[in-house]
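What follows is a short report on a single structure.
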Amino acid sequence: MGDEPLTIGAFAVRARLSAKALRLYDRLGLLSPAHVDEVSGYRYYRADQVERARLVALLRQLDMPLARVAEVVEADGTDGTYAAELLAAYWTDVETRIAGQRTLAEYLRARLSGRSSEMYGKFVVETVEVPEQVLITETRHTLADELPAWIGASLGRLEAAARECGGVSGAPFVVYHAEVSMESDGPAEACVPVADETAARAWAAGQGRARQIAVRVEPARRLAYTRITKAQVAHPQILAAFEAVERWVAAQGLRYAGPCREVYFADWGAAGAGDPVCDVAFPVEEAQSQ
């Protein structure tokens, strides 16, 4: 009796799933029937498929995307230890995201309740004159969750390339030409100042089109900036830093002379959470009189 095929209805009862869910799992390749009658189209399952069906359902209760569910259930069929590692990695990602959302909710609660000034007051805004710079750059459209990894990788590539361009001649920075969030993908531009423009252009010419590589000369600028720690680079603390500078610029009667940027002047890997590593900055200029 235990080896008799189960209709989709009987199997659904055993697996504690709906027939609709089973059809979806079949369509997605997560759980296919053991047999489909060619004439009637009826689906039949084996009793030993119940555990896989329940595993799929439990993973979905964790809001795990179907592609990752497929990875876990396939690994479970061959190596349970690896399947457990995949689940642990997914849950680490979830906890990281929730922690970020919790911090963002606290930030928004303070903002909506009118306590924003308390956060802005933590940031000291100053100005600095930056001379003309030759930049090697890499541009990418990226969403917020991919941004930190891309910044580290792109600046690393550009700093390595700077050896062929006369060496690094200033602090690397990232320019945001449009908003980067979970709904908007920028683009963002990683920039490394270099000493030799001719060598930089020769290097860029040899890069092909694998990445959006460019060389440009940025004119001298006045930056309004606030200095933040490694811990404050994370969202939403960095949002408060940007807004603090924006409020300062408005209060001083200045106007923006270019897109905002993050200037990374310290060794990120060696810095502790409380060490200053980044300037959140806006190019500014005097507002023209009417």
- Specify the closest pair of heavy atoms between Pro259 and Pro283, including all atoms of both residues, with the distance to one decimal. O-CD, 3.2 Å
- Rounded distance (nearest 0.5 Å) linking atom CH2 of Trp203 with atom CG of Leu158: 5.5 Å
- Check whether any side-chain heavy atom of Phe11 sits under 4.5 Å from a side-chain heavy atom of Pro5, and report yes or no. no
- Item | Any Val217 side-chain heavy atom under 4.5 Å of Leu135 side chain | no
- State the SG-CZ distance between Cys165 and Arg201, to the nearest 0.5 angstrom. 11.0 Å
- Query: Sub-3.5 Å donor-acceptor pair from the side chain of Gln232 to the main-chain atoms of Thr229, do we have one?
  - Reply: yes
- Task: Determine whether Tyr225 and Val128 make a side-chain contact, defined as any pair of heavy atoms from C-beta on separated by less than 4.5 Å.
- Result: yes
- Task: Can you establish whether the number of heavy atoms outside Tyr82 located under 6.0 Å from its atom OH is more than 12?
- Result: no
- Query: To the nearest 0.5 Å, what is the distance between CZ (Phe282) and CZ (Arg222)?
  - Reply: 15.0 Å
- Query: Backbone N or O of Ala257 within a donor-acceptor pair of the Arg221 side chain at under 3.5 Å?
  - Reply: yes
- Going hydrophobic residue to hydrophobic residue with side-chain gaps under 4.5 angstrom, can you get from Leu22 over to Val13? no
- Do Val73 and Leu58 share a hydrophobic cluster (ILVMFWY, side-chain heavy atoms under 4.5 Å, transitive)? no
- Taking the six-membered ring for Trp, are Tyr44 and His35 parallel (under 30°), tilted (30 to 60°) or perpendicular (over 60°)? parallel
- Taking it one step at a time, do Leu31 and Asp26 satisfy side chain to side chain contact (heavy atoms under 4.5 Å, CB included)? CA-CA 5 Å; Leu31 181 68; Asp26 179 22; over 6 Å; no
- Task: I would like to know whether Gln207 and Gln212 meet side chain to side chain contact (heavy atoms under 4.5 Å, CB included); could you show each step before the answer?
- Result: CA-CA 9 Å; Gln207 297 308 299; Gln212 288 186 272; over 6 Å; no
- Among Val192, Val194, Ile136, find the residue that satisfies the side-chain contact (heavy atoms from CB on, under 4.5 Å) test when tested with Glu159. Val192
- Message: Are Thr142 and Ile151 packed together at the side-chain level, in the sense that at least one heavy-atom pair is separated by less than 4.5 angstrom?
- Response: no
- Message: Can a donor-acceptor pair be found, under 3.5 Å and without considering hydrogens, that links the side chain of Asp196 to the backbone of Thr198?
- Response: yes
- Query: Is it the case that Ser154 and Glu138 place a side-chain donor and acceptor less than 3.5 Å from each other?
  - Reply: no
- Message: Any non-hydrogen side-chain atom of Val280 less than 4.5 Å from a side-chain atom of Cys260?
- Response: no
- Item | hydrophobic_cluster_shared for Val174 and Val245, side chain cutoff 4.5 Å | yes
- Nearest-0.5 Å distance, CG of residue Asp267 to CG of residue Asp275: 10.5 Å
- Query: At what distance, to the nearest 0.5 angstrom, does OG1 of Thr139 lie from CD1 of Ile213?
  - Reply: 8.0 Å
- Message: Do Leu17 and Leu6 land in one hydrophobic cluster if side-chain heavy atoms of ILVMFWY residues count as linked below 4.5 Å?
- Response: yes
- Any sub-3.5 Å donor-acceptor pair from Gln49's side-chain atoms to Arg46's backbone N or O? yes
- Heavy-atom nearest pair, Ala195 first then Ser169, reads N-OG, 3.9 Å
- Does the ring of Tyr45 carry Arg52 above it, NZ/CZ under 6.0 angstrom from centre and within 45° of its axis? no
- Can a donor-acceptor pair be found between the side chains of Glu262 and Tyr176 at a distance below 3.5 Å? yes
- Minimum heavy-atom separation for Gly186 to Val180, with atom names? CA-CG2, 3.7 Å
- Would you confirm whether Tyr90, through its side chain, and Met64, through its main-chain N or O, come within 3.5 Å as a donor-acceptor pair? yes
- Task: Report yes if the side chains of Trp248 and Phe123 come closer than 4.5 Å at any heavy-atom pair, otherwise no.
- Result: no
- Task: Hey, could you give me the CG/CZ distance between Asp279 and Phe173, rounded to the nearest 0.5 Å?
- Result: 12.0 Å
- Query: Quick one: which of Arg68, Glu74, Glu71 gives a side-chain contact (heavy atoms from CB on, under 4.5 Å) with Leu86?
  - Reply: Glu71
- Is there a side chain to side chain contact (heavy atoms under 4.5 Å, CB included) between Arg60 and Val69 once you walk through the steps? CA-CA 7 Å; Arg60 289 294 291 154; Val69 170; 3.9 Å; yes
- Task: May I ask whether Leu55 and Leu66 are part of the same hydrophobic cluster, defined by side-chain heavy atoms of I, L, V, M, F, W, Y residues being less than 4.5 angstrom apart, directly or through others?
- Result: yes
- Task: Walk me through it: do Arg54 and Glu51 pass the test salt bridge (charged side-chain N to carboxylate O under 4.0 Å, His left out)?
- Result: CA-CA 5 Å; Arg54 290 178 178 172; Glu51 286 305 313; 3.7 Å; yes
- Kindly give the heavy-atom pair with the smallest separation between Ala190 and Leu155, and that separation in Å. CB-CD2, 3.8 Å
- Flag if over 12 foreign heavy atoms under 6.0 Å of CZ, Arg163: no
- Quick one: do Tyr256 and Glu246 satisfy side chain to side chain contact (heavy atoms under 4.5 Å, CB included)? Show the steps, please. CA-CA 9 Å; Tyr256 300 112; Glu246 288 176 317; 3.4 Å; yes
- Give a yes or no answer on whether the side chain of Ser184 reaches the backbone of Glu179 with a donor-acceptor pair at less than 3.5 Å. yes
- Query: With distance as the sole test, does Lys230 use its side chain to make a donor-acceptor pair with the main-chain N or O of Trp268 at under 3.5 Å?
  - Reply: yes
- Item | Given Glu189, Glu197, Gln133, the one that forms side-chain hydrogen bond (donor to acceptor under 3.5 Å, both in side chains) with Arg216 | Glu189
- Side chain to side chain, Leu147 and Leu143, heavy atoms closer than 4.5 Å: no
- Could you please spell out the steps behind the salt bridge (charged side-chain N to carboxylate O under 4.0 Å, His left out) verdict for Glu285 and Arg255? CA-CA 6 Å; Glu285 61 187 9; Arg255 71 176 187 179; 2.7 Å; yes
